[in-house]
Amino acid sequence: MILLGLLFIKFVFSYEIDVNTFSNYLDVQNRHIHFEWLINMEKKLINATANYQFHVIGPSIYKISLDIKDLTIYTIYMDNGVVLHYSVDYPYADSDQGQRLNIKLKREYKRDEFVILTIKYSIDSRSESISFMNISQTQTKSMPYLFTQCQDAYCRSLAPLQDTPAIKQTYSATIIYKNIEATDVFMSADETQEQFTILNHPSIDPNFTWKYKYFVQKTPIPSYLIAIVAGNLQKVPTSNGGRTFLISEPDKINEYKEELKDMEQFLQAIEQYIGPYTWGTYTIVILPPSFPYGGMENPLLTFASPTIMTKTGSGLYVAIHEMAHSWFGNTITCINWANMWINEGFTVFLERKASLFYYKVLDDIKLNAIIGNATMYQDILDLGPDSKLASLHPDTTGINPQLSISEIPYEKGFQFLTFLEGIIGAEDFKYMLRSYLNTYKYKSIDQQEFQHFILRYLYEQHVDDYSTKRYRILEYWDTWIYQPGLPPIILDFSTNKLIETQQYTTSYIIADGRQPDNYAQYFNFYPSQKKVFLEELFKKAQNNQLKLTIIEQIDKDLQLTNDNDYELKFRWFKAILTAGDRTRFNLIANFLGEVGTCELSCPVYKALNELDHDFAVQTFKTHQEFYHQIIRNSIKSILEKNIQLIK
Ligand SMILES: [Zn+2]
């Protein structure tokens, strides 16, 4: 009966659609795309062609619609040279999601037919996905620099695409660039010796040489994982294992290599829990400081902010997180941005499992979960506890999905999986996840399919107490997914280390501006414990208990203003600004000019804005050219919250 029931559910069930693409991807799906990009860094221009292999899925089609944003389209033609008519329209014109490119086909195409066509277009500095950096904005100040950031829905400003995580395609590329503008170019794909036919040969110039590089990504990936980086770049192995590599500008590469020397061990720690890494090699690029996130999991080419290089190893959890995406996010992908926790919640879960294998400190994992929960709680408050964006299934209809990004898919997703693990049992849960990966590899799914899978798996494995477990899994499922705000079940991450840290914080408050006897305890704290201490200080500041004399004593004892660890520094600045400290404004302004990651700079801007709006605006105006466009908008919205538009 149950099996029949499950078959019935499977039969009537259909996947959620993606409301943030304008493409007709339910009728026709791209299977492969070949790019040819001629890069002119000085002019901030890429002359591009993209060749597509569309597969008709629906009964028949007369047109192909693609997502585009701020691209210039020149011509579209079939593989036999026949030129096609096209038009551009603006669904959700005010929603900042770009435009729809409608390509009219010459005839009706029926199910299972292929449509091979080519688009000639150009990408310029309007593109939100691509950062063209001047020589002065780089570390070595010898060549310009270029990098992309496509997640969530920005790849439509890199190429006309079915810009949805629901569609996966393979890709290949020919990249043509000047030897005076970049020493090397890398993509989220393997380099290949195969030389693809060149459609547009660049004109010869005696002042420089054109260089050619060829790439192939044989595993189907969603558009948001397409990535490229170019500049004065060097690539080195990080260990003798032959699998892990590092790319950065040459001047700091040895320093970064030293810090990342255990990457192979990280990979092995993840494999120990979830099974083999299937993508071949793993490479991390340390980008310039304007990179807008801690990390981005582009396959074969993780991008990371230099702020994770703390010299103490405390930022390496970001590297483990991005590696863990190779399984969750890159192998199994969320079907739309409302299901982002299918990527992020699972990745945080795997990141913490692997961290436990590697570091073997359970307290550290628990403290990280506590910090994550605190950040999520703040995001829930900022979004509004009843907001349609404050759940594990945010409604992104009619908005740029970027607006739905918060800590919720990460931490609530992690907590939901921890809750399910508690019901199913740790060993069974691990094998369930391995089977889940095997079942859905290279596919995109939604949360409902995950639920069906778990129940089917437990039934087929004849687990003990199946009916009780099934009942408990389903009992709160929809509440976990759809109810905005904090999780319906509070999980216990308590540890003596938390109590110890809270007592340590209180000792500073009680000492009231003098040095407490136990002050040196801080130097033996885990990295996560130091963060908890600073979050506790922030709470004290919110309760008006963090006096300026106490701040001075803490800084004298612990040297927090001068700490190299940006994750500690931003928490320190957030706390002291909340306490009303105006004595470090210039140092804080300098910090905000060095850190392009919103995760680190946005909370400081928020606290600064509340204390002194004018100074916050002035600081933003000084540094706005440094920030990535995505982050510029986030900071603007913080500063605009209670004040007029900033020009
Ligand atoms: Zn992630």
* **Note, M187 side chain near W37 side chain (heavy atom, < 4.5 Å)** => yes
* Between the side chains of E344 and H325, does any donor sit under 3.5 Å from an acceptor? -> yes
* Mark yes or no for whether T310, through its side chain, and S314, through its backbone, hold a donor-acceptor pair below 3.5 Å. => yes
* Residue pair I247 / T283, side-chain heavy-atom distance below 4.5 Å -> yes
* How many angstroms lie between atom CD1 of I226 and atom SG of C150, to the nearest 0.5 angstrom? -> 6.5 Å
* Tell me, please, which residues at least two apart from D363 pass side chain to side chain contact (heavy atoms under 4.5 Å, CB included). => V361, T495, K497, Y526
* To do: For I365, enumerate each residue passing the side chain to side chain contact (heavy atoms under 4.5 Å, CB included) test, keeping only those at least two apart in sequence or located in another chain.
  => R352, S355, L356
* How many angstroms lie between CG in L301 and CG in D190, if you round to the nearest 0.5 Å? -> 10.5 Å
* Partners passing ring pair (Phe, Tyr, Trp, His ring centres under 6.0 Å) against F186 (at least two apart in sequence or in another chain) -> none
* Using atom types as modelled and distance alone, determine if a side-chain donor or acceptor of Q217 lies under 3.5 Å from a backbone N or O of S188. => yes
* **Minimum side-chain heavy-atom gap I286-M309 below 4.5 Å** => yes
* **Listed once per pair and sorted, the salt bridge (Lys or Arg N to Asp or Glu O under 4.0 Å) pairs that draw on residues 264-276, sequence neighbours left out** => R243-E264, R243-E271
* Asked: So, T396 and N20: side-chain donor and acceptor under 3.5 Å apart, yes or no?
  -> yes
* What residues, two or more places apart in sequence or in another chain, satisfy side chain to side chain contact (heavy atoms under 4.5 Å, CB included) together with P487? -> M376, K412, Q415, W480
* Asked: Taking atom OG1 of T219 and atom CG of L300, what is their separation to the nearest 0.5 Å?
  -> 7.5 Å
* Has K235 got more than 12 heavy atoms of other residues, nucleotides or ligands less than 6.0 Å from its NZ? -> yes
* Asked: Just checking, is any N or O donor in the side chain of E322 or Y317 under 3.5 Å from an acceptor N or O on the other one?
  -> no
* Inter-residue atom distance Y171.OH - L161.CG, 0.5 Å rounding -> 11.5 Å
* To do: Please determine, by modelled atom types, if D382 and Q378 share a side-chain donor-acceptor pair under 3.5 angstrom.
  => yes
* **pair L433-Y436: side-chain heavy atoms closer than 4.5 Å** => yes
* Is it true that the side chains of Y282 and S326 contain a donor and an acceptor less than 3.5 Å apart? -> no
* Structure fact -> Residues at least two apart in sequence or cross-chain that pass side chain to side chain contact (heavy atoms under 4.5 Å, CB included) with T597, listed by chain then number, are S305, T307, V595, E599, L600
* **side-chain contact (heavy atoms from CB on, under 4.5 Å) partner of E128, chosen from Q629, Q149, H628** => Q629
* Asked: Can a donor-acceptor pair be found between the side chains of H55 and Q169 at a distance below 3.5 Å?
  -> no
* Asked: Is any side-chain heavy atom of L158 closer than 4.5 Å to a side-chain heavy atom of I130?
  -> yes
* **Sub-6.0 Å ring centroid separation between F114 and F54** => no
* Asked: Does anything in residues 148-161 pair up under salt bridge (Lys or Arg N to Asp or Glu O under 4.0 Å), and if so which pairs, sequence neighbours excluded?
  -> D67-R156, R156-D163
* State which residues pass ring pair (Phe, Tyr, Trp, His ring centres under 6.0 Å) with Y224; sequence neighbours excluded, sorted by chain then number. => W337
* Asked: Taking the side chain from N336 and the backbone from I17, do they hold a donor-acceptor pair closer than 3.5 Å?
  -> yes
* To do: Please name the pair of heavy atoms, one in E411 and one in A369, separated by the smallest distance, quoted to 0.1 Å.
  => OE1-O, 4.2 Å
* Do other residues, nucleotides or ligands put more than 12 heavy atoms under 6.0 Å from Y476 OH? -> no
* With a 4.5 Å limit on heavy-atom distance, are the side chains of T302 and V285 in contact? -> no
* Side chains of S444 and K168: do they bring a donor and an acceptor to under 3.5 Å? -> no
* Asked: So which pairs with a foot in residues 421-440 pass salt bridge (Lys or Arg N to Asp or Glu O under 4.0 Å), sequence neighbours left out?
  -> K353-E421, E427-K430
* Identify, with sequence neighbours excluded, every residue that meets ring pair (Phe, Tyr, Trp, His ring centres under 6.0 Å) alongside W341. => F346, F416
* Compute whether any side-chain donor of one residue and acceptor of the other, for E449 and Y440, lie under 3.5 angstrom apart. => yes
* Structure fact -> Between the OG atom in S601 and the CD1 atom in I631, the distance rounded to the nearest 0.5 Å is 6.5 Å
* Residues which pass salt bridge (Lys or Arg N to Asp or Glu O under 4.0 Å) with K531, listed by chain and number, not counting sequence neighbours -> E567
* Asked: Does any non-hydrogen side-chain atom of L383 lie less than 4.5 Å from one of S406?
  -> yes
* **Pair F429 + F349: ring centers closer than 6.0 Å** => yes
* Asked: So do the side chains of L437 and T331 get within less than 4.5 Å of each other, counting heavy atoms only?
  -> yes
* Asked: For E16 and N339, does a side-chain donor sit closer than 3.5 Å to a side-chain acceptor?
  -> yes
* Asked: Can you tell me if T192 uses its side chain to pair, donor with acceptor, with the backbone of Y214 under 3.5 Å?
  -> no
* Measure from the side-chain N and O atoms of Y277 to the backbone N and O of T281, and report whether any donor-acceptor pair falls under 3.5 Å. => yes
* To do: Please collect all ring-ring contact (aromatic ring centres under 6.0 Å, His included) contacts where either partner lies in residues 351-377, sequence neighbours excluded, each pair once.
  => F266-Y358
* Output field: ring centroids F147/F291 closer than 6.0 Å -> yes
* **T148-S129 side chain donor-acceptor pair, cut-off 3.5 Å** => no
* To do: Go through the side-chain N and O atoms of H32 and S172 and say whether any donor and acceptor fall under 3.5 Å apart.
  => yes
* Counting only heavy atoms not in Y442, do more than 12 fall under 6.0 Å of its OH? -> yes
* To do: Enter the distance from Q234:CD to K252:NZ here, rounded to the nearest 0.5 Å.
  => 15.0 Å
* To do: Classify the side-chain pair T164/D18 by whether it contains a donor and acceptor separated by less than 3.5 Å.
  => yes
